[in-house]
Amino acid sequence: MSSRPGDAHSRTHFGFQRIAETEKAKKVADVFDSVADRYDLMNDIMSGGLHRLWKFFTVAQSGIKPGDKILDIAGGTGDLALAFAKKAGADGTVILTDINHAMLTRGRDRLLDKGFLIPAGQCDAEALPFKDNVFDCVSVSFGLRNMTRKEKALAEMRRVLKPGGCLLILEFSQIWKPLAPFYDLYSFKVIPRIGQLITGDAESYLYLAESIRMHPDQETLKKLIESAGLEKVEYFNLTFGAVALHRAQKPE
Ligand code: SAM
């Protein structure tokens, strides 16, 4: 039977499982509801602090200037939004968004504790509540993998960017092949155990490992971004390709 995205019959993946497209958002929400409280601690432990360097690199590649308008999508606990706010300065605008209330609340509170009052809005990346051509930069870090219809989310990112604006996508990607067996061992055996110890939830961290394997590799994601109508798409492999930053521009 043929089906179109959004049909009751459309299927997608949730980690290694095949599920109805309509079920994915709820399953992803359950993951982040479960881990929100310990999300930052787990990020530091799992990556040995490397996620801070990946995010630092992302902000350095953004080209953001004081006064710019930046939208952080799937921004969770607000690491990128905070760094962007420091760069954009008092005349700039940074908006933190996420589909998940628990993650967004943590992000907003964390930023407030650090002295940054940043507008935060709960919304789905696939239906952004912003006008066309508003932002100088749109970012999504470690979020695209979790979205059901990536093409739709990318089209939305393009729509809200100003012509010439910059899209940044930081995401797990395909690691350098010789390291893959060690990385598999670490992701499938070690990380779920750490997840169990720290959050009491091994399943969510197994989903993390599986969803990374199902996510498009560097070149495939580059083509997806081009198909969404962005140009000058390039990517930077970080930590042997375990993570990649894709950067693109909306045509002028
Ligand atoms: N950007 C943060 C970071 O780098 O630490 C958080 C990343 S966390 C792994 C993934 C985030 O994507 C979660 O907060 C989740 O709620 C959010 N997310 C998943 N699907 C989404 C969607 N369709 N629209 C917006 N956010 C989404």
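Since this is a predicted model, take the numbers as computed values, not measurements. Because only heavy atoms are used, hydrogens play no part in the values below, and waters and symmetry mates are left out as well, while side chains stay in. Numbering starts at 1 and runs along the sequence shown. Atoms within each ligand, like the ligands themselves, are counted from 1 in listed order.
Sorted by first and then second residue, the pairs that involve residues 103-135 and meet ring pair (Phe, Tyr, Trp, His ring centres under 6.0 Å), not counting sequence neighbours, are Phe130-Phe135.
Every heavy atom of Gly107 sits 4.0 Å or more from the atoms of ligand 1. Using a non-hydrogen distance threshold of 4.0 Å, Ile73 does not register as a contact of ligand 1. Residue contact annotation: His51 has no non-hydrogen atom under 4.0 Å from ligand 1.
Ion pairing between Asp136 and Lys69 fails under the 4.0 Å rule for side-chain N and carboxylate O. Contact check on Glu21 versus Arg149 returns a salt bridge, with a Lys/Arg side-chain nitrogen under 4.0 Å from an Asp/Glu carboxylate oxygen. The pair Asp68-Lys87 fails the salt-bridge criterion, with no side-chain N (NZ, NE, NH1 or NH2) lying under 4.0 Å from an Asp/Glu carboxylate O. Ion pairing between Lys223 and Glu226 fails under the 4.0 Å rule for side-chain N and carboxylate O.
Of all protein heavy atoms, the one closest to atom 12 (O) of ligand 1 is Ala74 CB, 3.3 Å. Protein heavy atom nearest atom 4 (O) of ligand 1, with residue, atom name and distance: Ser141 OG, 2.4 Å. With hydrogens left out, the protein atom closest to atom 9 (C) of ligand 1 is Phe142 O, 3.1 Å, a heavy atom. The protein atom (non-hydrogen) at minimum distance from atom 22 (C) of ligand 1 is Asp124 OD1, 3.7 Å. Atom 19 (C) of ligand 1 has Asn146 CB, 3.6 Å as its closest protein atom, hydrogens excluded (heavy atom only). Among protein heavy atoms, atom 8 (S) of ligand 1 sits closest to Tyr39 OH, 3.4 Å. Of the protein's heavy atoms, Ala125 N, 2.9 Å lies nearest to atom 24 (N) of ligand 1.
Less than 4.0 angstrom separates some heavy atom of Met103 from each of these atoms of ligand 1: 14 (O). Here is the list of ligand 1 atoms found below 4.0 Å of a heavy atom in Gly75: 1 (N), 2 (C). Proximity to Cys123 (heavy-atom distance under 4.0 Å) selects the following atoms of ligand 1: 24 (N), 25 (C). Residue contact check: Asn100 has heavy atoms under 4.0 Å from atoms 16 (O) of ligand 1.
Below 30°, between 30° and 60°, or above 60°: for Trp54 and Phe172 the angle between ring planes is above 60°, a perpendicular geometry. Aromatic ring orientation, Phe57 versus Phe236: perpendicular (interplanar angle above 60°, classes split at 30° and 60°).
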Side-chain donor-acceptor distances from residues 73-85 under 3.5 Å, at least two apart:
{"unit_1": "Thr77", "atom_1": "OG1", "unit_2": "Asp40", "atom_2": "OD1", "d": "2.7"}
{"unit_1": "Asp79", "atom_1": "OD1", "unit_2": "Arg110", "atom_2": "NH1", "d": "2.9"}
{"unit_1": "Asp79", "atom_1": "OD1", "unit_2": "Arg110", "atom_2": "NH2", "d": "3.0"}
{"unit_1": "Asp79", "atom_1": "OD2", "unit_2": "Lys55", "atom_2": "NZ", "d": "2.8"}

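Distances from atom 13 (C) of ligand 1 to the heavy atoms of Leu144, Ile99, Asp98 show the closest one on Asp98.
In terms of N/O distances under 3.5 Å, ligand 1 is approached by Lys55.
Remark: Lys222 is not positioned above the aromatic ring of Tyr235, lacking an NZ or CZ atom under 6.0 angstrom from the ring centre and at most 45 degrees off the axis.
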Notebook entry, point to check: Going through the checks in order, is the side chain to side chain contact (heavy atoms under 4.5 Å, CB included) test met by Thr97 and Asp72?
Noted result: CA-CA 6 Å; Thr97 63; Asp72 188 30; 5.9 Å; no
